[in-house]
J.: 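Please see the structure below; I have some questions.
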Amino acid sequence: MIIRQASEGELDRIHHIVQNTIRSVYPKYYHEEAVEFFLGFHSLEAIKNDIEDRHVWVIEKDGSLIGTGTVLGNGISRMFVDPDRQRQGFGSKLLEELELVVSKDHASAQVDASLPAFNLYLRRGYQVLSGNELDVENQRVLFYLSMEKKFGFAQGE
């Protein structure tokens with residue numbers, strides 16, 4: 001297993017992992033309008049821009065990309081693992097590496113956690129800062145949680 005920064009040539013595979021995960025997993029937690037919001041928010045163009053700015057990381061196993069995550073300042077976002085590879089520890093390993101990247105320059109990491117990812121972040125020591133609502137299509141609301149994990153002495157280490 002290798003975790004490293006993404007290259008521009010991996011854009012299509014990363015986009016596929018993100019979109020496939022949203023389409024496969026999110027309908028179990030969210031209504032159709034929220035799923036459509038996530039699909040648009042994590043667009044090909046958004047991922048492309050983040051790869052070009054060297055913010056995107058990937059996890060690969062046996063030469064295949066199986067997951068991705070993005071680091072912007074002290075924020076970790078767009079963390080997705082291929083649905084066929086979930087519940088095998090890859091998400092935890094990727095998050096651990098992204099936290100190391102963040103901890104080089106910041107005292108804490110912050111995430112806006114979707115409902116499918118909430119338990120992963122909770123197990124990794126993140127604390128809920130707030131519950132948030134975002135208006136989406138058809139007067140529907142998307143709910144997500146802002147969470148934070150403190151590093152070093154602030155965490156009591």
J.: Do you reckon L122 sits in the same ILVMFWY cluster as V81, going by side-chain contacts under 4.5 Å, direct or chained?
T.: yes
J.: Which residues satisfy the side chain to side chain contact (heavy atoms under 4.5 Å, CB included) test with D105, sequence neighbours excluded?
T.: none
J.: Give, for atom CG of L142 and atom CG of D135, the distance between the pair rounded to the nearest 0.5 Å.
T.: 10.0 Å
J.: D12: which residues meet the side chain to side chain contact (heavy atoms under 4.5 Å, CB included) condition with it, sequence neighbours left out?
T.: L44
J.: Tell me which pairs pass ring pair (Phe, Tyr, Trp, His ring centres under 6.0 Å) where either residue lies in residues 87-106, with sequence neighbours left out.
T.: none
J.: In Å and rounded to the nearest 0.5 Å, what is the OG to NZ distance from S43 to K48?
T.: 11.0 Å
J.: Anything under 3.5 Å between a donor and an acceptor, one on a side chain of residues 65-78, the other on a protein residue two or more places apart or in another chain? List them.
T.:
| unit_1 | atom_1 | unit_2 | atom_2 | d |
| --- | --- | --- | --- | --- |
| T68 | OG1 | W57 | O | 2.9 |
| T70 | OG1 | R78 | NH1 | 3.2 |
| N74 | ND2 | S108 | O | 3.3 |
| R78 | NE | H42 | ND1 | 3.2 |
| R78 | NH1 | D50 | OD2 | 2.9 |
| R78 | NH2 | D50 | OD2 | 3.1 |

J.: Give a yes or no on whether Y144 and L129 share a hydrophobic cluster (residues Ile, Leu, Val, Met, Phe, Trp, Tyr; joining criterion: side-chain heavy atoms under 4.5 Å apart).
T.: no
J.: Is it true that atom CD of E32 has more than 12 heavy atoms of other residues, nucleotides or ligands lying nearer than 6.0 Å?
T.: no
J.: Is it true that the side chains of E148 and Q127 contain a donor and an acceptor less than 3.5 Å apart?
T.: no
J.: Report the residues that fulfil ring pair (Phe, Tyr, Trp, His ring centres under 6.0 Å) with F143, sequence neighbours left out, ordered by chain and then residue number.
T.: none
J.: Take I14 and V58 through the side-chain contact (heavy atoms from CB on, under 4.5 Å) test and state the conclusion after the steps.
T.: CA-CA 8 Å; I14 293 167; V58 293; 3.6 Å; yes
J.: Please walk me through it: do F151 and K104 pass side-chain contact (heavy atoms from CB on, under 4.5 Å)?
T.: CA-CA 10 Å; F151 304 124; K104 291 176 183 174; over 6 Å; no
J.: Please confirm whether the backbone N or O of D84 pairs with a side-chain atom of Q88, one donor and one acceptor, at under 3.5 Å?
T.: yes
J.: Indicate if L39 and F41 have the same hydrophobic cluster label, given that clusters are the connected sets of ILVMFWY residues with side-chain heavy-atom separations under 4.5 angstrom.
T.: yes
J.: Please examine the side chains of V18 and F38, heavy atoms only from C-beta on, and report whether any two atoms are closer than 4.5 Å.
T.: no
J.: Considering residues at least two apart in sequence or located in another chain, which fulfil the side-chain hydrogen bond (donor to acceptor under 3.5 Å, both in side chains) criterion with E33?
T.: H31, N138, R140
J.: Please give me the minimum heavy-atom distance between G131 and L145, naming the atom from each residue.
T.: CA-CD2, 3.9 Å
J.: Check side chain to side chain contact (heavy atoms under 4.5 Å, CB included) between P116 and all other residues, then give those that pass, not counting sequence neighbours.
T.: V25, Y26, Y29, Y30, S114
J.: Checking side-chain contact (heavy atoms from CB on, under 4.5 Å) for the pair V136/E36: CA distance, chi angles, key distance, verdict?
T.: CA-CA 9 Å; V136 294; E36 288 300 319; over 6 Å; no
J.: Which residues pass the side chain to side chain contact (heavy atoms under 4.5 Å, CB included) test with H16, not counting sequence neighbours?
T.: R13, N20
J.: Under the rule for side-chain hydrogen bond (donor to acceptor under 3.5 Å, both in side chains), what residues qualify as partners of R23, not counting sequence neighbours?
T.: none
J.: To the nearest 0.5 Å, tell me how far E52 CD sits from I47 CD1.
T.: 12.5 Å
J.: Taking salt bridge (Lys or Arg N to Asp or Glu O under 4.0 Å) as the test, write out the residues that go with E97, two or more places apart.
T.: none
J.: Before you tell me yes or no, could you show the steps for I22 and V35 under side-chain contact (heavy atoms from CB on, under 4.5 Å), namely the whole-Å CA-CA distance, both residues' side-chain angles and the distance that decides it to 0.1 Å?
T.: CA-CA 7 Å; I22 293 169; V35 172; 4.0 Å; yes
J.: Test of understanding: with side-chain hydrogen bond (donor to acceptor under 3.5 Å, both in side chains), list the residues that count as partners of E10, not counting sequence neighbours.
T.: R4, S7
J.: Would you please name every residue forming a side-chain hydrogen bond (donor to acceptor under 3.5 Å, both in side chains) with E99, sequence neighbours left out?
T.: R124, Y126, K149
J.: Taking a hydrophobic cluster as the set of Ile, Leu, Val, Met, Phe, Trp and Tyr residues connected by side-chain heavy atoms closer than 4.5 Å, whether directly or through intermediates, do L134 and V128 fall within one such cluster?
T.: yes
J.: How many angstroms lie between atom NZ of K61 and atom CD1 of I2, to the nearest 0.5 angstrom?
T.: 10.0 Å
J.: Between CD of E60 and CD1 of I3, what distance do you get to the nearest 0.5 Å?
T.: 10.0 Å
J.: Go through the side-chain N and O atoms of N132 and S130 and say whether any donor and acceptor fall under 3.5 Å apart.
T.: yes
